[in-house]
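The structure appears below as structure tokens.
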Amino acid sequence: MLKQIMLPLLKLLSLFLLAFSPATVQAQLKIGFYNKTCPSAETLVKQSVDAAFTNNSGIAAGLIRMFFHDCFVRGCDGSVLIDSTANNTAEKDAPPNNPSLHGFEVIDAAKTAIEATCPNVVSCADILAFAARDSSVLAGNISFKVPAGRRDGNISRASEANANLPSPLSNATQLINAFAVKNLTADEMVTLSGAHSIGVSHCPAFRNRIYNFSSTSKVDPTLSLAYATLLQLACPFNTSTSGNTTVALDLITPAVLDNAYYVGLQLSLGLFTSDQALLTQANLTAAVKDNAEHPGGWATKFARAMVKLGNVDVKTGNTGEIRKNCHFVNSASIDVELYVDEEKESLVATT
Ligand code: HEM
Ligand SMILES: *[C@@H]1O[C@H](CO)[C@@H](O)[C@H](O)[C@H]1NC(C)=O
Ligand SMILES: *[C@@H]1O[C@H](CO)[C@@H](O)[C@H](O)[C@H]1NC(C)=O
Ligand SMILES: *[C@@H]1O[C@H](CO)[C@@H](O)[C@H](O)[C@H]1NC(C)=O
Ligand SMILES: *[C@@H]1O[C@H](CO)[C@@H](O)[C@H](O)[C@H]1NC(C)=O
Ligand SMILES: *[C@@H]1O[C@H](CO)[C@@H](O)[C@H](O)[C@H]1NC(C)=O
Ligand SMILES: *[C@@H]1O[C@H](CO)[C@@H](O)[C@H](O)[C@H]1NC(C)=O
Ligand SMILES: *[C@@H]1O[C@H](CO)[C@@H](O)[C@H](O)[C@H]1NC(C)=O
Ligand SMILES: *[C@@H]1O[C@H](CO)[C@@H](O)[C@H](O)[C@H]1NC(C)=O
Ligand SMILES: *[C@@H]1O[C@H](CO)[C@@H](O)[C@H](O)[C@H]1NC(C)=O
Ligand SMILES: *[C@@H]1O[C@H](CO)[C@@H](O)[C@H](O)[C@H]1NC(C)=O
Ligand SMILES: *[C@@H]1O[C@H](CO)[C@@H](O)[C@H](O)[C@H]1NC(C)=O
């Protein structure tokens with residue numbers, strides 16, 4: 001009886017503490033940031049994501065992962081969208097992103113539609129944040145408001161993607177640390193890992209577990225043997241023939257953003273060493289169990305954690321820029337315009 005009363009009270013108390021703890025004070029992002037300056041912005045993004053999803057539902061996973069990879073490298077500043085140049089290998093061409101990251105054309109379509117309606121107002125970083133939310137709705141009916149006002153960065157380095165993005169070979173300590181650096185808790189790390197309930201992986205990311213795992217065991221003993229056999233069939237030993245092959249991350253409900261990922265983990269169906277690592281520390285294991293048992297609770301936590309992920313190191317106010325084209329920093333486009341203008345002038349001058 002007492003426990004039944006105490007639990008709701010504790011929940012209320014923790015909600016109260018959450019709302020007032022300084023750790024949750026969010027930069028200056030605002031819900032409805034474009035209410036006045038570009039009221040159709042979020043609708044235009046949604047239209048672009050909806051169209052892409054109708055054609056290929058795998059796009060939702062691509063966009064959610066792209067958002068995560070943007071936020072973990074220089075904050076959520078659209079740096080993952082910048083193209084490499086002759087002088088610079090950009091984030092998108094780092095091994096954790098290339099060739100696996102996809103959905104850039106969806107961001108481009110949204111940006112083009114938005115620039116045609118309200119030019120120079122909506123950042124690429126915000127478009128990506130909206131698109132990740134719209135993807136969560138489409139893949140899992142997980143809906144949340146996205147505080148906006150992010151500004152775009154003008155630096156994108158492959159080396160920083162390599163340094164900041166957690167590897168699928170990570171152990172629990174490494175995962176906790178990679179998220180702690182971004183002010184995300186171990187529990188939020190477990191919650192966000194639920195995104196692995198949709199989408200696919202290329203064979204090399206889990207190859208370590210199915211061939212030559214150790215001197216005593218060819219297959220990782222913490223992986224279901226039946227599943228390992230399936231994975232070996234999909235991913236032949238010869239890397240040169242399986243490098244581009246992909247398999248689903250969640251065997252149970254591969255296309256639905258739900259808590260089945262955690263159920264699968266408990267059945268030794270986690271795909272990566274890093275997925276499996278969530279069962280190597282008592283604290284994390286408890287969170288996995290809780291998420292496996294409470295789909296609604298997990299979905300609520302996932303929405304909240306996505307908003308928090310969207311606050312990592314954001315640029316606001318007058319910092320950064322509103323990129324004209326998500327692929328290029330503005331100085332690059334201005335250089336091109338000036339070059340063309342100068343050429344015209346010199347043409348005029350010589351005739
Ligand atoms: C905890 C550390 C994490 C690690 C080590 C990790 C690693 C990976 C790897 C290796 C892949 C497969 C890429 C490929 O080869 O195609 C992948 C896919 C994916 N990851 Fe993660 N990830 C982590 C956390 C997250 C988070 C926090 C999110 C989002 C909130 C996320 C969303 C996804 C999605 C949706 C896919 C499928 C992508 C697609 O289908 O294109 N991951 N992840
Ligand atoms: C934008 O409008 C919505 C709905 O009326 C409101 O909830 C939100 O606070 C507004 N945001 C801003 C920054 O004006
Ligand atoms: C539709 O999806 C396929 C992949 O499934 C992709 O190759 C193609 O470009 C997409 N078409 C459009 C119009 O988005
Ligand atoms: C690339 O580097 C060279 C030599 O450092 C420099 O002259 C050139 O301006 C750079 N180009 C760009 C686009 O930054
Ligand atoms: C989606 O979630 C809302 C509540 O957030 C619920 O009312 C609605 O029925 C759900 N839709 C589907 C298709 O499950
Ligand atoms: C996790 O990996 C790090 C770096 O390789 C290593 O130092 C640490 O001992 C590992 N922790 C565990 C518990 O295996
Ligand atoms: C994490 O929080 C600290 C203290 O509030 C802050 O100084 C730091 O910039 C934050 N880091 C990120 C990545 O948000
Ligand atoms: C398997 O791993 C061992 C070391 O762990 C290595 O000596 C051996 O060459 C590997 N075999 C194959 C076929 O990769
Ligand atoms: C791997 O496959 C490639 C292409 O089919 C082939 O040329 C190569 O000999 C194979 N390597 C091995 C070790 O089987
Ligand atoms: C994988 O895809 C890339 C890009 O499409 C291609 O260059 C490469 O040859 C492919 N590799 C294999 C083994 O099919
Ligand atoms: C376990 O998790 C709780 C809440 O996430 C945290 O406060 C506590 O420090 C963690 N304990 C250990 C041993 O990691
Ligand atoms: C990037 O932006 C900063 C300030 O926002 C500016 O000082 C710097 O010159 C810019 N660099 C490039 C390459 O555009």
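Atoms within each ligand, like the ligands themselves, are counted from 1 in listed order. Only a predicted model underlies this, so the values are computations on that prediction, with no experimental measurement involved.
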For [X] and [Y], test the side chains for any donor-to-acceptor distance below 3.5 angstrom and give the result as yes or no.
X: Arg304; Y: Thr191; value: no
X: Asn154; Y: Ser331; value: no
X: Asn164; Y: Lys182; value: yes

TODO: Flag atom 2 (O) of ligand 5 as yes if some protein heavy-atom distance to it falls below 4.0 Å, otherwise no.
DONE: yes
Task: 4.0 Å protein heavy-atom contact status of atom 7 (O) of ligand 3, strictly under - done: no
TODO: Only heavy atoms count here, so choose which of Thr300, Val137, Asn141, Ile142 is nearest to atom 10 (C) of ligand 5.
DONE: Asn141
Task: Option set Leu29, Ile31, Asn35, Thr37, criterion heavy-atom distance to atom 14 (O) of ligand 2, minimum - done: Asn35
Open item on the list: Looking only at protein heavy atoms, which one is nearest to atom 4 (C) of ligand 3, and what is the separation?
Closed with: Asn56 ND2, 4.0 Å
TODO: Specify the protein heavy atom at minimum distance from atom 12 (C) of ligand 3: its residue, its atom name, and the distance to 0.1 Å.
DONE: Asn55 ND2, 3.2 Å
TODO: Classify the angle between the aromatic ring planes of Phe68 and Phe179 as parallel (below 30°), tilted (30 to 60°) or perpendicular (above 60°).
DONE: parallel
- [ ] For Ser84 and Ala90, indicate whether the former's side chain and the latter's backbone hold a donor-acceptor pair under 3.5 Å.
- [x] yes
